[in-house]
Peer 1: 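First the structure, which I've put down as structure tokens, then a few questions once you've had a look.
In this text, all values refer to a predicted model and were calculated from it rather than measured experimentally.
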Amino acid sequence: MGAYSTRSTVGETSYKAHGVMATSPRPTPLPFDSGTVPVLLLGGVNLVRCLGLAGIPAVVASPDPSEPAFASRHCRASAPLPPYDHRDCIETLVRYGERLRSFARRRVPLMCGSDDALKLVYAHRERLSRHFLLLLTDAAIANALLDKASFQSLAASRCLPVPREYLWNGNGAASLIDAMGEVLVKPKSKIDWHDSQLHARLFADGGKARIFPNGAEAMADPVVALFHDRLAFQEYIPGDDRSLWSFHGVADEKGEVLASFVGRKIRTDPPLTGESAFIELAEDEQLATLGRDIARRLPLKGPFKMDFKRDPRDGRWLLLEVNARYNLWHYLGTRNGVNLMRVAYDYLLERKRPEPMRARTAYRWLSLENDWRAYRVMHARGELSFPGWLASIAFSRRVCNLFAWHDPGPWLRFWRLRVARKAARGSGWVLALVRQWLSTAS
């Protein structure tokens with residue numbers, strides 16, 4: 001396993017990861033019965049727990065040698081990868097697929113939990129389908145879902161209810177300069193922007209978007225002006241984080257939803273524009289009906305997540321984006337009785353359709369680190385007191401992003417590596433001071 005995993009590996013590969021040349025060990029016997037078909041998972045802790053709780057062997061594949069999911073009790077074997085944009089990544093995946101297919105005597109499911117991984121799979125779907133079971137949205141639709149500008153055009157062609165789009169050089173109602181209400185500014189692409197200058201200069205607070213009072217102020221911002229060709233501009237829909245809802249499901253080849261649940265955000269980090277911090281499942285049949293209709297109209301195939309915001313001015317549901325992959329909400333759904341990864345697994349292997357199921361709303365999902373940051377911002381604005389924040393967590397039955405009593409390995413691995421990194425930086429700082437002192441003392 002080397003530096004990459006706490007489980008056995010599924011093959012041998014050598015590559016440069018995070019600036020360090022690394023080689024995984026030679027193949028070892030896979031630690032599960034060949035009668036049970038495993039899944040190759042391009043995903044993290046929340047997803048491997050969904051598979052483990054369903055009794056499905058998971059082989060976790062990741063280009064990150066510090067991936068906490070490698071230490072999960074549900075990770076039956078690890079599969080180190082080169083970075084997703086490295087030319088050797090697809091070759092490595094194919095080798096893993098060959099070995100797993102030989103082991104299971106049939107193709108095994110490949111499940112993706114990130115946009116970067118999904119882009120790779122889309123680009124090589126024909127080759128990967130020789131070794132893996134895949135249920136993917138058609139290429140034209142799939143690529144449009146990864147690009148916000150293309151998604152806006154797709155939504156218009158399918159008559160989907162989305163917020164108004166503004167154009168940098170638009171005319172009339174589409175003109176950004178004439179937008180009198182609040183404007184949401186976000187990257188056009190979901191891929192390869194977190195480490196970019198765009199992210200560092202415009203989204204340094206960690207948010208996925210910025211809100212401007214109107215179009216003129218957005219255009220007057222020098223960073224927006226510099227990167228405007230890489231940004232999408234949209235009418236901002238008012239409302240706090242609790243106005244952000246989502247519809248999650250798995251669809252068959254015709255876009256018919258096999259199983260689903262509805263979710264709602266409680267807090268995001270940062271508020272209004274950030275990542276999930278505290279979320280829950282909810283019931284809204286109107287939204288579920290709309291979500292199933294959109295899945296048919298696109299159509300979607302396989303797993304998906306639709307993000308909506310309810311407009312407080314007229315009660316309409318407006319579609320913000322669609323992700324055609326597995327995501328952290330699936331762990332919350334699993335703990336509330338609807339395991340969409342199990343549904344997808346059974347359908348991929350046997351075309352089995354589940355009995356009707358209804359998700360409970362007993363558990364909430366929490367990322368304590370994200371939620372603490374969200375609370376601090378809301379507290380500074382006078383929107384949330386410390387007792388109110390603490391009570392919202394303490395009086396909830398919850399599952400956590402990283403920690404679980406039944407699976408403590410990922411949490412322990414995360415903190416062991418974080419402490420080691422901080423210790424290394426601290427020792428480097430001390431050595432630098434010593435060298436500086438010696439140079440001045442001589």
Side-chain angles (χ1 to χ4, degrees), residues 43-54 111 113 239-251 257-269 271-272 274-295 300 302-310 315 317-345 354-368 370-371 374 389 391-407:
V45 174
N46 288 279
L47 299 184
V48 75
R49 285 173 176 163
C50 293
L51 295 172
L53 292 172
M111 296 185 174
D240 62 15
D241 288 336
R242 286 181 174 268
S243 300
L244 296 169
W245 293 62
S246 51
F247 179 67
H248 307 255
V250 175
V257 177
L258 301 169
S260 63
F261 59 79
V262 170
R264 182 173 68 175
K265 295 191 178 183
I266 302 173
R267 288 186 288 270
T268 65
D269 169 36
L272 302 181
E275 302 288 348
S276 295
F278 198 30
I279 59 178
E280 64 183 356
L281 298 196
E283 296 182 2
D284 192 293
E285 189 53 40
Q286 181 188 36
L287 180 59
T289 299
L290 175 60
R292 288 192 289 267
D293 180 57
I294 291 173
L300 297 174
F304 64 83
K305 167 180 175 277
M306 301 177 190
D307 288 330
F308 292 88
K309 193 166 188 180
R310 191 199 293 269
W317 293 107
L318 293 172
L319 179 65
L320 305 181
E321 68 175 358
V322 180
N323 293 307
R325 57 174 173 79
Y326 301 94
N327 61 80
L328 64 86
W329 286 84
H330 290 182
Y331 181 40
L332 179 60
T334 295
R335 293 301 302 268
N336 280 297
V338 177
N339 190 335
L340 293 180
M341 299 189 80
R342 173 89 235 188
V343 170
Y345 178 86
E355 296 294 327
M357 57 181 70
R358 190 181 189 92
R360 302 185 301 272
T361 57
Y363 289 95
R364 290 172 167 177
W365 178 97
L366 173 69
S367 170
L368 185 58
N370 287 0
D371 203 44
W389 172 74
S392 69
I393 296 174
F395 296 114
S396 295
R397 297 178 68 188
R398 61 195 176 277
V399 296
C400 294
N401 179 43
L402 198 58
F403 181 78
W405 288 110
H406 67 88
D407 185 27

Peer 1: Measuring from L319:CG to K309:NZ, what's the distance to the nearest 0.5 Å?
Peer 2: 14.0 Å
Peer 1: What is the minimum heavy-atom distance between V343 and P354, and which atoms define it?
Peer 2: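 The pair with the smallest heavy-atom distance is CG1-CG, 4.0 Å.
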Peer 1: According to the interplanar angle, ranging from 0 to 90°, do the rings of H330 and H248 count as parallel (below 30°), tilted (30 to 60°) or perpendicular (above 60°)?
Peer 2: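 Geometry flag for H248 against H330: perpendicular rings.
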Peer 1: Can you check salt bridge (charged side-chain N to carboxylate O under 4.0 Å, His left out) on K305 and D307, steps first, answer last?
Peer 2: CA-CA 7 Å; K305 167 180 175 277; D307 288 330; 2.6 Å; yes
Peer 1: With rounding to the nearest 0.5 Å, note down the distance linking OG in S367 to CZ in F278.
Peer 2: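 If we round to the nearest 0.5 Å, S367:OG and F278:CZ are 11.0 Å apart.
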Peer 1: Working to the nearest 0.5 angstrom, can you tell me the gap between I294 CD1 and W317 CH2?
Peer 2: 11.5 Å
Peer 1: Looking only at atom types and distance, does a side-chain atom of R360 sit under 3.5 Å from a main-chain N or O of R335, one as donor and one as acceptor?
Peer 2: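 Pair found, side chain donor or acceptor close to backbone of R335.
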Peer 1: Do Y363 and L281 pass the side-chain contact (heavy atoms from CB on, under 4.5 Å) test, and can you show the C-alpha distance, the side-chain angles, and the key distance before you say yes or no?
Peer 2: CA-CA 8 Å; Y363 289 95; L281 298 196; over 6 Å; no
Peer 1: Examine distances only and state if a side-chain atom of N323 and a backbone atom of R325 form a donor-acceptor pair shorter than 3.5 Å.
Peer 2: no
Peer 1: Do D371 and R398 sit within salt-bridge range, that is, some charged N less than 4.0 Å from a carboxylate O?
Peer 2: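 A salt bridge is absent here (no side-chain N lies under 4.0 Å from a carboxylate O).
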Peer 1: Quick one: are R310 and D284 in side-chain contact, heavy atoms under 4.5 Å?
Peer 2: yes
Peer 1: Let me confirm one number: the CZ-CG distance from F308 to L287, rounded to the nearest 0.5 Å.
Peer 2: 5.0 Å
Peer 1: Just so I know, are the side chains of V399 and R49 near enough to count as touching, which here means a heavy-atom distance under 4.5 Å?
Peer 2: no
Peer 1: Any side-chain heavy atom of N401 sitting closer than 4.5 Å to one from Y331?
Peer 2: no
Peer 1: Quick one: CG on L53 to OG1 on T334, what's the gap to the nearest 0.5 Å?
Peer 2: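 So the CG of L53 and the OG1 of T334 are separated by 7.0 Å.
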Peer 1: Where do G291 and M306 come nearest, in terms of heavy atoms and distance?
Peer 2: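 Shortest heavy-atom contact: O-CE, 3.2 Å.
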Peer 1: Roughly how far apart are D241 CG and I266 CD1, rounded to 0.5 Å?
Peer 2: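 Answer for the CG-CD1 pair, D241 versus I266, is 10.0 Å.
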Peer 1: Could you pull out the closest heavy-atom pair between S260 and L340, with the gap in Å?
Peer 2: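 Closest approach of S260 to L340, heavy atoms only: N-CD2, 4.0 Å.
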Peer 1: Where is the tightest heavy-atom contact between F261 and G333, given as atom of each residue plus distance?
Peer 2: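 So the minimum-distance heavy-atom pair works out to CE2-CA, 3.8 Å.
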Peer 1: Can you see which heavy atom on S392 is nearest to which on R364, and at what distance?
Peer 2: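 Nearest heavy atoms, S392 then R364: O-NH1, 3.6 Å.
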Peer 1: Going by heavy atoms in the side chains, are S276 and K265 under 4.5 Å from each other?
Peer 2: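 They are in contact (side-chain heavy atoms under 4.5 Å apart), so the answer is yes.
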Peer 1: Which pair of non-hydrogen atoms, one from R264 and one from R242, has the smallest distance, and what is that distance?
Peer 2: CD-O, 3.3 Å
Peer 1: Hey, mind stepping through L328 and I279 against side-chain contact (heavy atoms from CB on, under 4.5 Å) and telling me if it holds?
Peer 2: CA-CA 10 Å; L328 64 86; I279 59 178; 3.7 Å; yes
Peer 1: Are V257 and F304 packed together at the side-chain level, in the sense that at least one heavy-atom pair is separated by less than 4.5 angstrom?
Peer 2: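 A side-chain contact under 4.5 Å exists here.
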Peer 1: Mark yes when over 12 heavy atoms from residues, nucleotides or ligands other than R358 sit less than 6.0 Å from its CZ; otherwise mark no.
Peer 2: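 No, because the 6.0 Å sphere around CZ of R358 holds 12 heavy atoms or fewer from other groups.
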